[in-house]
Protein chains: 2
Amino acid sequence: MAETEAAATHDNAAGIDSPLTHYLGYAMKRALSIVQADLSRVLAGFGLRAVSFSALSIIVARPGLTQTQLADALQIERSNLVTLIDELAGRGLIVRAPVAQDRRRHALMPTASGKKLAAEAKEGVTAHERALFSCLTAQEQEDLRHMLTKFRQAVSA
Amino acid sequence: MAETEAAATHDNAAGIDSPLTHYLGYAMKRALSIVQADLSRVLAGFGLRAVSFSALSIIVARPGLTQTQLADALQIERSNLVTLIDELAGRGLIVRAPVAQDRRRHALMPTASGKKLAAEAKEGVTAHERALFSCLTAQEQEDLRHMLTKFRQAVSA
DNA sequence: TATTGTTATACTCTATAACTATA
DNA sequence: TATAGTTATAGAGTATAACAATA
């Protein structure tokens, strides 16, 4: 009984949110939610979430940085970083090393297994993005990244 | 004492997350967070959040749609839509109208004041995006929207 | 039996204040 | 006095299960 109605709505279903698709913020949000869902699935295979992958990657690239610096880089509160660092440290992926010059600070250092996991996860994430964005040409992907980055830098300045 | 150190770190500070900026997902997330902060500020002036603006806009554009349809369009759970609809209805912006053919459903209809607020908020949001993305040319903005939309449609298909 | 709206609930994420130890 | 890390906590946002009314 709802067949014709269903068919009619189905024709429009993809565009029920058309009053919003014109907004860049909305387009970003919908695109990001797709990326996040796929990324979470990939990272779960490494026992990581997006935020823990981000933190671990930065610690590997910048060994010795402090929790405040990491929190600033990831734009999360220091207080919320604590349990995340606890988690990574508890798994033996990083250590909180004392800083001689300032005993308030913790120098975050990756362990050998932390570096190994970061490298493996990086390959996984790179493969995930390559596959997911294969509907865009290499040039389009580069343009997309360039515009997002340009926007962020321009607004932050 | 930390002056040289501070200066040194400041030179690199903008790029502490450089291990991540290459990822499109990360670039999207950082860009979106900027948009959301500004959008929230603008919408607060209308007593709206991003999600309530989205819901109201769709109800105005598609009067009579049901809660399930709206939840699908916005990709939120039906259960979580209930309080949102309560809120809009409580403010007299929309009504839950009975559907004669199927008394389980509620046809969501905008009121006159709902249409008015939606129109005003739309102007505000449009102005917010115009100002925020002024660092990108009109062509770049169009390209950005096109790629985000193309990506979403390609992956959803 | 299946669907719509609803309630209850739990889990994650995020934001804020206050504490400690150091500087 | 100010800062780094920590704790506690409250508020959003989100996901799931179960229910009543209706199909």
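Below, all heavy atoms of this structure are taken into account, side chains as well, without hydrogens, waters or symmetry copies. Each chain gets a letter, A, B and so on, in the order the sequences are listed, and its residues count up from 1. These figures come from a predicted structure and were not determined experimentally.
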Closest nucleotide among D:dA23, C:dA23, C:dT6 to the A:Asp102 side chain: C:dA23
Side chain A:Arg104 and base D:dT3 donor-acceptor under 3.5 Å: yes
Side-chain-base donor-acceptor pair under 3.5 Å for B:Asn80 and D:dA15: yes
Rounded interatomic separation in angstrom, taking CD1 from B:Ile76 and P from C:dT12: 21 Å
Side-chain N,O (A:Arg49) to OP1/OP2 (C:dT12) below 4.0 Å: no
B:Leu148 reachable from B:Ile34 in the ILVMFWY side-chain graph, under 4.5 Å edges: yes
Sugar-phosphate only, base, or nothing, as touched by B:Arg78 at under 4.0 Å among non-hydrogen atoms: base
Whole angstrom value for the distance that separates P of C:dC13 from CG of A:Leu81: 13 Å
Base of C:dT3 paired with side chain of B:Thr68 (donor-acceptor, under 3.5 Å): no
Options D:dA17, D:dT22, C:dG5, nucleotide nearest the side-chain atoms of B:Ser79: D:dA17
Exercise: identify the closest heavy-atom pair between B:Val51 and B:Leu84: CG2-CD2, 3.8 Å
Whichever of A:Glu77 and B:Ala107 has its nearest DNA chain C nucleotide further upstream toward 5': B:Ala107
Cluster check B:Phe53, B:Leu117: I/L/V/M/F/W/Y, side chain < 4.5 angstrom: yes
Pair A:Arg152 + B:Asp17, salt bridge at N-O below 4.0 Å: yes
Proximal nucleotide (of D:dT22, C:dT7, D:dT6) relative to the B:Val82 side chain: C:dT7
Rounded distance in Å - CD (A:Gln67) to P (D:dT7): 10 Å
Rounded distance (Å) that lies between atom C1' of D:dT3 and atom CD of A:Gln69: 13 Å
hydrophobic_cluster_shared for A:Phe151 and B:Val42, side chain cutoff 4.5 Å: no
C:dT14 OP1/OP2 closer than 4.0 Å to side-chain N/O of A:Gln75: no
